[in-house]
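Just below is one structure, and these are the notes that go with it.
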Amino acid sequence: MLHEVFNLTLLQNTIRTATPLILAGLGGLLTMHAGILNIGMEGMILTGAFFGVLGSYFFSSSLMGVLLAVASGILIGLIFGFFVIELKADEFIIGIAINIFAGGLTIFLLRSIFGVKGAFSSPRIRPLPDIHFPLIDKITALDLTLNNHSIFVYISWILVVLIYITIYRTPYGMWVRASGEYPEALATVGVNPKKMKYISSIVCGILCGFSGAHLSLGYLTLFSENMSAGKGFIALAAIIFGSSNPIKTFGAALLFGFFDALGIRLQGVGMPSQFTQMIPYTVTVAALFIVAQKSLRKMKKEQHFERNM
Amino acid sequence: MRRKLNTEYLFSLVLSVTAALLIGAMIMFANGKSPILGYSALINGALGSKYNLATTLAKTVPLILTGLATAVSFRSGIYNIGGEGQLYLGAFAGAYVGFTFVQLPGFWGIILAVAAAALVGGFYAYIPAILKVRYKIDEVITTIMMNSIAILFTDYLVNYPFAAARGKMGGTDMIGEAYKLTRLVKLSKLNTSIFMTVLIAISIYYFLQKTSIGYELKMVGQNAAFANYGGISSKKRMILAMVLSGALCGIAGSFEVLGSHYRFLQNISPGYAFDGMLVSLIVKNNPVGVVFMAIFFGILKTGSIAMEHTTSIPSELVLVIQSIIILFIAGENGFKAILRKLLAKDQYEISSLASKLEKEAGEK
Amino acid sequence: MNLRQRGEDVYRNIIELKEITKVFPGVLANDNINLSIREGEIHAIVGENGAGKSTLMKILYGLYQPNSGEIYIREKRMNIRSPIAAIRNGIGMVHQHFMLIPSFTVAENIVLGTEPRKKKFFMDFEKAVEITKKLVSIYGLEVTPELKVEEVSVGIQQRIEILKILHKGADILILDEPTAVLTPQETEELFVVIRKLVKEMNKTVIIITHKLQEVMALSDRVSVMRQGRLIGTMDTKDATEQKLAEMMVGREILFEALYKEGQQGKTLFTVNHLNVKNNRGLWALRDISFSIRNGEILGIAGVEGNGQSELVEALTGLREIESGEVYVDGNLVSGKSPKEIRGLGVVHVPEDRLATGLSKKATITENLLMGSQRQEPFTKGGIHLRSKLIRKKASELVEKFDVRTPSVEVAVETLSGGNMQKIVIAREFTHDAKILIISQPTRGVDIGAIEFIHRQIIQKRNEGYAILLVSAELDEIFRLSDRILTLFAGEITGEFDNKDITKKEIGFYMTGIRKPAEEEVSKCVES
Amino acid sequence: GCTKPIPQDVQPSGGETEASEAPIKAALVVAGGLGDRSFYDSANEGIERAKKELGVEAKVLECRNDPSLFNDQLIQASQYGSVVVVVGFEFYDAIQEVAPEFPDVNYIYVDNVVEEISNITCIDYMENEGSFLAGAMAALLTQDTTIEGINKEKVIGMVGGMDISVIRNFKVGYEEGAKYIDPEIRVETIFAGDFEDPAKGKESALALYAKGADIVFQVAGKTGEGVFEAAKDSKQFAIGVDSDQRYINPDVIVASMTKGVGLSIFESIQKIQEGTFAPGSVYRYGIKENGVGIAYGTPDMKQFVSEEVKTKIEGLKEKIVSGEIKVTEIQ
Ligand SMILES: Nc1ncnc2c1ncn2[C@@H]1O[C@H](COP(=O)(O)OP(=O)(O)OP(=O)(O)O)[C@@H](O)[C@H]1O
Ligand SMILES: Nc1ncnc2c1ncn2[C@@H]1O[C@H](COP(=O)(O)OP(=O)(O)OP(=O)(O)O)[C@@H](O)[C@H]1O
Ligand SMILES: [Mg+2]
Ligand SMILES: [Mg+2]
């Protein structure tokens, strides 16, 4: 029984399920570092998915799909940035407004451009390529888990490293972090904190665009109303869980992916589906609780240590 | 001073709504639809008859309650995003009382059902509150997660242990006749829960604005360190706020059961708690504002469907317009600041020009 | 390049501000200001809170754009659109509020904005540390490059700020109230560095301060600002403290002697063997014991960060006590909640008014209500707030404590620092209490307000309150206290009668150079 | 041009049935939204056909799974036309509330059964019977390893939308059908938990394929689109639902279990027009009534299901009709 649940394809599923979360999560953690909690990722992913399909369909090219998704991401990132940074509006409200906007807009455009409701798929939508690494396929375990994924799976891994380096190892990353932590201080050394916030907001839009394009062109080859299905919020949870660190957020996204995939498999073992679907959520709360308790205990221990000195 | 600020706020509120409606009109126009027909259909559909008005009001009930729930928690500096889950559990609890204790006389039955809903909703909010104040676990993330848990859990309940005996519909059995709240206007779902809602809204307004605990909650929300310093236990107040917020969502759920559907349904809320959150955020968590904004949202929702019927303008367009309205209102302060800056500059430039001219005149 | 013509009659103006005007919504912050700074001078700028000093300097630094006026730097007309332009022109500014990123290291903060790079794209951390070490060796301002800023004291942060602007190549240094948070020793050290920078390195320094002795001790020339206008500039040798104060306030100021009266009677407040930890779980206070009688002010002198904050928090119930007891008039209060401690008659003016003493967003009325929100006559039955009465009482307090505000219904954040502090004092001093715990009562407050607050404190003393006064301002401690304790590294290092010790001497106890003999300590506790 | 004045105060208005000259106005109310290329779209096809062939005026009202709209939309629909087609088991309460208020309107209620209201005609489908055939077909196919993509394991799968009684009714039939062919066949079912999340559908189907299933039956609305994608990716097979879905991807969708929603709606409207309609009855459409069945797409598509299997399925149909096989029903 158990080998049917825990096997290599579980890891493969994990990676697949986690990718949209990783991409959006990387974007959201950038704005988080710049001091902005981005609730609007959900909407950004959705528009990305739509414009990805739009571009791929009309230009018969998945690259054009990605480009259009990115363009839409930049635009929404700019709108989000303008309201949050320029007008200092509540980021919570703006995020929700962006989500509603994206939901309405994509359905509206779906009807007026493609003349369909619900979902749109067509052979003319060019999917993103899968990548096959010829060397890895010799080892079955690696071939099964790491090989033959859609291109954005690998891009997301590269981005984790790139963004980690950018944030912690380059001046630009320092500026972004400073713009979130103490914007006035950054301004006094001659770097415009608003600019850094805008950039992070736009890059977040781009990455959410990637996430959407991956969803509609890499993972699936169709657009369907509200197909982001809460991924923006889970990505947000991954960011908070990973305390905005790209590597930890990556880990948190994988964790979500893992428990999501696990939940699907556990149904076969006779657990009612409602409970298996709960797994990622309960595990998150439980994990947060364990981590919090540990850090409390650690603090107590340190105190104890001090006292003994 | 206070009054003046409020009129200024109301003025800019009206201004942003107008601006957003204008943008909506432009979108309609660009789609070859007449904005005048569209909007008149919307207004008519929402307010044009007794039935329409009643339908609109029926839709505001859950929004007012969830909006107040948001106001209570957000004002106190603890962010309850878990209203949806609390609403589902509360609705289920209300339904459970309603189909289990069918022999109770109406009045007591309803009280018991609403109380059970409040209790369950409150308890479900108590968990993240404790996690927040005791273990410093971010309540935003826990409440979001707990939404899904609650919805899936009730999903399980109505499909297995409490599935309706007849009608294969993803719901519980009907509640007893005595529990069904009286409908007020023929065919419309408007029912006596609106009176209770008004009563609750007044109580919450009084509680938040006119009592010492309300004052304490506000201070905790604005500056917890200050509240602690002044002798208020911010932790206890945060828990109180969260539980109260959860209870309000639970009550909102029970009203859906007792007044609208007469049973618990699987998809009982189309996201009331999120809409309520938006309602409250837009009016900066002011309980009076919540009532008005909830009505406005009700008008949009009912009206948009009428608009779709009569003009075939898709109701998604209303979502777009609605989000633009929200953007404008949220950005209201910023727009005002920019405007003020521009005005101030102008004023200054005019006066400096005047003094320069004077000087030149003097030199001559 | 940097011609120094000091000591001669011909000066070169390195900076000239001409007819600078700056308007904020509703405030004329700078009104047609003409000011020239000579190359190689130390130029002090004084003025009351809100006089427009910081605004003028921020304009010079490119953070604000003036509504009109011209700026000449080295006799060239300049448009300073941003701090970058200012930095390029050799201007550096240390701000009134520290502009350091707490989670960054010292070295990272110093190079922020002009980071050394590897391969163009990457931050060169080793180089940053190297740069910092080099700066330390050149200017003699000791810092540890690898530490995070949040881990170092304010004195060190001040040094980091100065090193930061020096690293950016500043010839003209603007220091906005650099000594507000420093001890006398640290201040003296800073002045040594400033003099060295001017004399040996051809720098020009503009310094803003509220402390007139510092003006007299350090500057070559001084400018006085009042309500957005420049009242005058003069050579320091022609000025006196009295004269400057009068120019600042616009009227004659009398440094009245404070009149202390009344008998000190029974002991109201006792602390026994108190041990307390700080936020990081390390010992902040060890074995602290003292007592205060009614009608007495006990001053705690010490360099900041030596346990003062923790002491006040522990005494007021805001921080857990590890061991020890605190008694108020015979009642044990340690371990009780802030509410209970307040109930037993302890009121508290906290050190940081914005963080703990007030809610910025709340109205004056709401801020004044704190602590009384459940008491008659403000509430009916402990629940219903009597808004009208509360507002009336608030207006009375605002009048009595001379808070300058258009109404009691405005948000506190619209007030100036001094007026904010008056709100805190007004609230705490009207609570029904026996014991006042006052921390940094006049930080960042101008001369007029200081006078007012000091008089209020002495009045409470004369009424028979037991008062604990914690202040980083030695002047304040000496002016108000009857008795003084010195605190160093969480321990009491000395106890003195006000008359028995000088400022200079007490500095040694504050810095742990001198410690009392054991028996002396126990004697203090018994008294 | 279907503009009609905004409803004023609601009066249960007289229908327009007797005016045989004027075209019939029919409204379709669906619980979810169109565009699922399955259940709701199939209902819409019925309406479209009635429009074209019978000259009916019609309009569609969607509730987007928001129960607070059920009553409103039903009322709107009842004010619009004399025939209201109500599609979705979810309307159980709403229709019982609204229909008595409009006694002259004919309600055709699809997918659930409401008794004793004279103007509601119910059409309920015995999806268990249809999916029995689907299960039997899948069982036969999974053993035919000559087809490329079929493995030797005796495993078939099903992806359900949500774990609700209608879907469980599909499930029980599917399982019984498969076991009827070969008791050793293992049927794996995953509920995606959503009818509108293709990504989840794909992930669920991939999990099933990974477990050795080579044919997956989707009963999941839009979520099912993901099942087809999964079949394409893993080069295995899927079975469609409600409409003949083969056209979506004839290379992987081997057949569909159909519900004759569109047809029965069309026929009902036709009967109403002819005056032969008997309102108030309950029709339970199973295999016997031709209400459910299996569709193999159009002849131009490559057929994966052999004639032999098709004949076997026909045989099973007869057995069900004759009552020799009784398929369990879940209410
Ligand atoms: N966001 C808002 N939207 C609509 N109306 C508002 C809003 N905010 C305030 N108002 C209006 O302003 C009036 C007063 O607001 P509020 O309840 O905040 O003051 P109050 O409680 O009467 O004052 P106080 O607390 O001083 O007694 C309300 O009666 C309401 O009509
Ligand atoms: N960004 C701003 N927006 C609006 N008003 C401002 C702003 N900055 C300063 N002011 C106002 O301008 C006036 C001058 O402020 P400034 O900070 O220059 O005073 P200051 O002389 O430095 O006082 P202090 O001694 O308290 O630092 C004050 O009334 C202040 O409230
Ligand atoms: Mg200043
Ligand atoms: Mg097989």
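Nothing here was measured: the structure is a model prediction, and the numbers come from that model. Order of the sequence lines sets the chain letters (A, B, ...), proteins ahead of strands, with each chain counted from 1.
Remark: D/Asp233 engages D/Lys202 in a salt bridge (Lys or Arg N to Asp or Glu O under 4.0 Å) (not counting sequence neighbours). Legend: residues meeting ring pair (Phe, Tyr, Trp, His ring centres under 6.0 Å) with D/Phe89, ordered by chain and number and at least two apart, are absent.
Only the side chain of A/Ile107 comes within less than 4.5 Å of a heavy atom of chain D; its backbone N, CA, C and O stay farther away. Both the backbone and the side chain of D/Ile190 come within contact range of chain A, judged by heavy atoms closer than 4.5 Å. Proximity to chain D (any heavy atom under 4.5 Å) is restricted, for A/Asp260, to the side chain, taken from C-beta onward. In this structure, no portion of D/Ala230 lies under 4.5 Å from any heavy atom of chain A.
Checked against A/Lys117 for a side chain to side chain contact (heavy atoms under 4.5 Å, CB included), the options D/Leu34, D/Asn44, D/Asp41 give a single hit: D/Leu34.
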Candidate pair D/Glu229 and A/Thr221, rule side-chain contact (heavy atoms from CB on, under 4.5 Å), full reasoning
CA-CA 8 Å; D/Glu229 296 245 340; A/Thr221 318; 3.4 Å; yes

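Between chain A and the options D/Ser204, D/Ala207, D/Ala199, D/Ala210, heavy-atom pairs under 4.5 Å are most frequent for D/Ala199. Annotation: maximal heavy-atom pairing with chain A below 4.5 Å, among D/Gly193, D/Gly33, D/Gly32, D/Gly221, occurs at D/Gly193. Taking chain D as the reference chain and counting heavy-atom pairs below 4.5 Å, the highest number among A/Arg111, A/Met227, A/Lys231 is found for A/Arg111.
Summarising the geometry, atom OG belonging to A/Ser121 is positioned 3.5 Å from atom CZ belonging to D/Arg37; distances are rounded to the nearest 0.5 Å.
Heavy-atom neighbours of chain A within the stretch residues 234-250 of chain D, taken at a separation under 4.5 angstrom, are nonexistent.
Across every non-hydrogen atom of A/Ser273 and D/Asp163, the tightest pair is OG-CB, 3.4 Å. Considering every non-hydrogen atom in both A/Leu220 and D/Gly226, the closest pair reads CD2-CA, 4.0 Å.
The 12-atom threshold is exceeded at NZ of A/Lys138, counting heavy atoms of other residues, nucleotides or ligands nearer than 6.0 Å.
Sorted by first and then second residue, the salt bridge (charged side-chain N to carboxylate O under 4.0 Å, His left out) pairs with a member in residues 209-225 of chain A read A/Glu225-D/Arg64, A/Glu225-D/Lys222; sequence neighbours excluded.
Here the side chain of D/Glu203 pairs no donor or acceptor atom with the backbone of A/Ala261 at under 3.5 angstrom.
Counting heavy atoms from C-beta outward, D/Leu206 and A/Arg16 have side chains that approach closer than 4.5 Å.
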